[in-house]
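The structure appears right after this line, and notes come after that.
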There are 2 protein chains.
Amino acid sequence: MAESGSQSSESLLFLTDEQLRRGIEAMFFAYRGFTADPDRILEQHAYGRAHHRALHFVARYPGTTVNNLLDILGVTKQSLNRVLRALVDDGLVDSRVGTRDKRERNLYLTQSGTALEQELSDAQRSRMRAAYRAAGPEAVAGFRNVLEAMMDPEMRKHFSDSKEPAR
Amino acid sequence: MAESGSQSSESLLFLTDEQLRRGIEAMFFAYRGFTADPDRILEQHAYGRAHHRALHFVARYPGTTVNNLLDILGVTKQSLNRVLRALVDDGLVDSRVGTRDKRERNLYLTQSGTALEQELSDAQRSRMRAAYRAAGPEAVAGFRNVLEAMMDPEMRKHFSDSKEPAR
DNA sequence: CATTTTATGTCAGTGTTGTTGACATTCCAA
DNA sequence: TTGGAATGTCAACAACACTGACATAAAATG
């Protein structure tokens with residue numbers, strides 16, 4: 001991938017504290033933009049980012065268990081449970097007792113859950129698409145490579161597995 | 001900047017929802033990694049991310065005013081005030097009545113404030129540097145371009161101005 | 001000079017999201 | 001049958017955001 005430039009990695013990778021600081025601030029400001037659109041939608045439904053994250057990963061892994069979500073989201077079960085309960089009570093998430101292991105709950109989005117997840121997802125994808133277009137194709141690969149390198153290693157599996165999952 | 005690839009932008013910028021979803025998850029997981037190291041340090045000092053952000057931008061703009069910080073951080077004055085008061089009370093930030101305009105407060109880091117900010121900054125820069133090194137120089141430019149395009153336009157000024165500020 | 005606006009600080013109340021700790025239930029597995 | 005895993009729930013608490021209201025000082029404006 002890449003390495004199409006004329007200069008070697010070493011000569012370009014002299015990183016001043018100033019350059020790193022700019023990268024840090026870019027993450028800060030960009031993450032605000034990244035969450036801004038979904039936040040506005042969530043507000044209308046009296047939900048927060050925690051609900052968005054739950055909806056996202058239930059949509060991503062239909063039938064996932066609570067424990068799997070806990071691992072991905074990195075919060076306590078009490079915290080996740082509060083959020084999931086609200087979504088289940090409101091009829092956005094269906095929590096079915098596991099067939100193989102009846103202690104587990106398999107989580108699915110209902111029709112209205114799918115609808116909200118789509119609405120949130122569309123908004124977030126729209127901004128991501130615009131940013132990708134503005135930055136250009138090479139930037140997209142670089143963006144993802146830096147982000148992946150910035151993750152905690154344990155999290156990388158959630159990101160790396162199923163490179164292009166069954167579609 | 002870039003465009004050194006052999007394919008045109010258009011052919012590479014066919015973005016599937018799947019690719020966009022991966023970008024979204026990359027942001028989510030990477031931001032967690034991005035804040036993980038400072039969070040651990042802050043915990044020991046009974047501070048949170050809000051304190052880190054305040055320290056960062058006071059260090060970045062010594063003598064800045066409360067109003068300017070409010071604009072950058074995008075929180076309410078009550079929220080910022082709580083954080084600033086703690087930092088001032090603990091002797092990490094010096095709040096001096098403005099000379100030109102006495103309504104304003106000019107904010108500076110004290111010696112111990114500088115020390116903590118350095119500690120936090122070092123940790124965060126260290127991870128950023130590692131990510132940059134792992135991803136390579138082309139990735140760095142792409143990373144920053146995508147992030148900048150993802151920001152809300154109003155925020156871009158805080159990021160773009162003083163490209164390489166007086167050093 | 002009087003009035004208004006601006007910058008800041010503060011108090012009270014509320015909501016979301018996270019945390020610990022404790023305890024109950026269900027059920028797989030040794 | 002006992003132990004432990006998976007889940008759910010209750011209570012309490014903390015960080016960090018919010019709104020609304022009010023106070024003070026000083027600049028700006030008429």
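- The listed nucleotides are C:dG18, D:dA27, D:dT7; the one nearest the side chain of B:Lys102 is D:dA27.
- Atoms CG (B:Leu42) and P (C:dG18) sit 18 Å apart, rounded to a whole Å.
- Of the candidates D:dG8, D:dA6, D:dA25, the closest approach to any side-chain atom of A:Ser95 belongs to D:dG8.
- Look at B:Arg127 and A:Asp152 and you find a salt bridge, because one of the NZ, NE, NH1 or NH2 atoms lies within 4.0 Å of a carboxylate O, short of that distance.
- Contact annotation: B:Asn67 side-chain N/O to C:dT6 OP1/OP2 distance is not under 4.0 Å.
- Considering only side-chain N and O atoms, A:His51 lies nowhere under 4.0 angstrom from the phosphate OP1 or OP2 of C:dT16.
- Closest to the side chain of A:Gln78, out of D:dT19, C:dT26, D:dC10, is D:dC10.
- In terms of position on DNA chain C, the residue among B:Arg105 and A:Val83 whose nearest nucleotide sits closer to the 5' end is B:Arg105.
- Side-chain heavy atoms closer than 4.5 Å link hydrophobic residues (I, L, V, M, F, W, Y) into clusters, and following such links, even through other members, never connects B:Tyr108 to B:Val66.
- Side-chain proximity of B:Arg103 to C:dT19, D:dA26, D:dA17: nearest is D:dA26.
- Contact annotation: B:Thr76 side-chain N/O to D:dC18 OP1/OP2 distance is under 4.0 Å.
- Taking for each of A:Gly74 and A:Val97 the nucleotide of DNA chain C with the nearest heavy atom, the 5'-most of the two is the partner of A:Gly74.
- Contact check, B:Arg49 against D:dA14: no side-chain N or O comes under 4.0 Å of OP1 or OP2.
- Under 4.0 angstrom from either OP1 or OP2 of C:dT10 there lies at least one side-chain N or O belonging to B:Arg85.
- Put simply, B:Arg82 has no side-chain N or O that comes within less than 4.0 Å of OP1 or OP2 on D:dA17.
- Mapping A:Asp101 and A:Asn81 onto DNA chain D by nearest heavy atom places A:Asp101 closer to the 5' end of the strand.
- Using a 3.5 Å distance cut-off with no hydrogens or angles, the side chains of B:Glu25 and A:His158 do not pair a donor with an acceptor.
- Within the 4.5 Å cutoff, the side chain of A:Tyr132 has heavy atoms near those of the B:Leu20 side chain.
- In this structure, B:Arg40 does not pair ionically with B:Glu43, as no charged nitrogen and carboxylate oxygen lie closer than 4.0 Å.
- Of the candidate nucleotides D:dC16, D:dG8, C:dC28, D:dG8 has the atom nearest to the side chain of A:Val66.
- Evaluation of atom-type donor-acceptor distances gives a pair under 3.5 Å for the side chain of B:Lys77 against the base of C:dT8.
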